[in-house]
> 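This is the structure I want to talk about, given as structure tokens.
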Amino acid sequence: MPELPEVEYVARQLHGELVGRRIERVEVSWPRIVAGMAPEELAARVAGRMVTGIGRRGKYLLIALEGGETLIVHRRMSGNLTLAPPDAADPYVRAAFALDDGRRLLYSDPRKFGRITLAADADLPRVFAALGPEPLDDETFTAAALAARLAGTKRPIKAALLDQGIVAGLGNIYADEALFRARIHPLRPADSLTPSEIAALREAIQAVLLVGIAHGGTTFGRHRDVYNEAGTNLEHIEAYRRTGQPCPRCGTPIERIVVAQRGTHYCPHCQRMDAN
DNA sequence: ATATCTGCCTGCTCGC
DNA sequence: TGCGAGCAGGCAGATA
């Protein structure tokens, strides 16, 4: 699933490919992909505009357009953004952006969970008001800030990490990886973490995200980059979906439990319920 | 208000 | 071998 690293990697690629290009036309083949307005309205407001910048907030990809509006793309479970050659036949394309150089930026999504919308730049702070800090921003994502958001909630720490209001951009893969790296049991009540554990968790979150970005993201299922290439970060995954396989640190078989309705993978030896 | 549950979707895996 | 059931899971919206 596309999480922060998968979105960030694609954002960096798109920066080089799209900035300065003009979007001449938008074709939507699955109307519900467009959120907040009719597909025809989005198409009309985007057509003819030049791309002025690419950004990311949490798992949201931002395509800034001249005229003060920004396309917001969320790939959810199975969405990909690719610059396909003209003959590419993909039955899952839900929207296509025709560029002024003849290429097309395709949004492909079998599950149809993804969403594309358009917002005025002035409204972006309000659109993302509920999102927590960017985990790779050292100014806002401090140990103190993380501690403050975890205080007062007894939810399992795994559930808290999946809450985009606590920290933006983590999904099931990198939440499991961060907890494994920080040696924290996923069921630990969020408000029971010690200051040193919170500091370790913060470091672990940043580390697993940076490793993910460096390897083009984790391709477990369908994630592809802009050039339709799979990411190679699966080789660096230590816990997620490794049920029964040996822990890279101690050799104990990785276990799978369900936390907050989601498959959760951890080492029962390295990640104990009692605080370290 | 906060925390948990349901629906959205379809490709894939598993068991009979 | 074929087929149906169940799983995967981010997020909006509903419910407790």
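Every chain is numbered from 1 and lettered A, B, ... according to where its sequence line falls, protein lines coming before strand lines. These numbers come from the heavy atoms of this one structure, side chains and all, not from hydrogens, waters or symmetry mates.
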> List in chain and number order the residues that pass side-chain hydrogen bond (donor to acceptor under 3.5 Å, both in side chains) with A:Ser108, two or more places apart in sequence or in another chain; answer none if no residue qualifies.
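A:Ser108 satisfies side-chain hydrogen bond (donor to acceptor under 3.5 Å, both in side chains) with A:Asp90, A:Arg222 once adjacent residues are dropped.
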> Residues in ring-ring contact (aromatic ring centres under 6.0 Å, His included) with A:Tyr60, at least two apart?
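A:Tyr60 satisfies ring-ring contact (aromatic ring centres under 6.0 Å, His included) with A:His74, A:Phe128 once adjacent residues are dropped.
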> Give me the residues of residues 69-78 of chain A where at least one heavy atom lies under 4.0 Å from an atom of DNA chain C, by number, or none.
A:His74, A:Arg76, A:Met77
> List the steps, then state whether salt bridge (Lys or Arg N to Asp or Glu O under 4.0 Å) holds for A:Glu66 with A:Arg22.
CA-CA 9 Å; A:Glu66 64 176 338; A:Arg22 202 169 292 278; 2.8 Å; yes
> Does A:Pro31 have any side-chain contact (heavy atoms from CB on, under 4.5 Å) partners at least two apart in sequence or in another chain, and if so, which?
A:Pro39
> Taking 4.0 Å as the cut-off, does a side-chain nitrogen or oxygen of A:Lys154 come that near to OP1 or OP2 on B:dA3?
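Negative; the distance criterion is not met.
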> Check DNA chain C against residues 222-244 of chain A and give the residues with a non-hydrogen atom under 4.0 Å, in numerical order.
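Result for residues 222-244 of chain A: A:Tyr240, A:Arg241, sorted by number.
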> Would you indicate which nucleotide in C:dG10, B:dA3, B:dC9 comes nearest to any side-chain atom of A:Leu162?
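The listed nucleotide nearest to A:Leu162's side chain is C:dG10.
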> Could you list all the side-chain hydrogen bond (donor to acceptor under 3.5 Å, both in side chains) pairs where at least one residue sits in residues 246-263 of chain A, not counting sequence neighbours?
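side-chain hydrogen bond (donor to acceptor under 3.5 Å, both in side chains) check on residues 246-263 of chain A returns A:Glu255-A:Tyr266.
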> Angle between the two end axes of the helix from B:dT2-C:dA16 to B:dC16-C:dG2, five base pairs per end, rounded to 10 degrees?
50°
> Could you give the side-chain donor-acceptor pairs of residues 209-219 of chain A under 3.5 Å, partners two or more places apart or in another chain?
| from | atom 1 | to | atom 2 | distance (Å) |
| --- | --- | --- | --- | --- |
| A:His215 | ND1 | A:Val211 | O | 2.8 |
| A:His215 | NE2 | A:His236 | NE2 | 3.0 |
| A:Thr218 | OG1 | A:Tyr174 | OH | 2.7 |
| A:Thr218 | OG1 | A:Asn233 | ND2 | 2.9 |
| A:Thr219 | OG1 | A:His223 | O | 2.9 |
| A:Thr219 | OG1 | A:Gly231 | N | 2.7 |

> Heavy atoms under 4.0 Å, any strand shown: does A:Phe220 hit a base, just sugar-phosphate, or nothing?
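The residue A:Phe220 makes no contact with any strand.
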> Mark yes or no for whether A:Asp176, through its side chain, and A:His265, through its backbone, hold a donor-acceptor pair below 3.5 Å.
yes
> What residues form a side-chain hydrogen bond (donor to acceptor under 3.5 Å, both in side chains) with A:Asp101, not counting sequence neighbours?
A:Arg103
> With a 4.0 Å heavy-atom cut-off, tell me which residues in residues 113-129 of chain A come close to DNA chain C, sorted by residue number.
A:Phe113
> Which residues in residues 254-266 of chain A have at least one heavy atom lying under 4.0 Å from any atom of DNA chain C?
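Correct list: A:Arg256, A:Arg262, A:Gly263.
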> Tabulated below should be each protein N or O lying under 3.5 Å from an N or O of nucleotides 10-12 of chain B; please produce it.
| from | atom 1 | to | atom 2 | distance (Å) |
| --- | --- | --- | --- | --- |
| B:dT10 | OP1 | A:Lys112 | NZ | 2.5 |
| B:dT10 | O2 | A:Arg111 | NE | 3.3 |
| B:dG11 | OP1 | A:Tyr92 | OH | 3.2 |

> Using a cut-off of less than 4.0 Å, is there contact between a side-chain N or O of A:Gln164 and OP1 or OP2 of C:dG10?
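Answer is no, no contact under 4.0 Å.
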> Under 4.0 Å: is that the gap between some side-chain N or O of A:Arg155 and OP1 or OP2 of B:dT2?
no
> Do A:Val226 and A:Thr82 have side-chain heavy atoms sitting under 4.5 Å apart?
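No, too far: nothing below the 4.5 Å cut-off.
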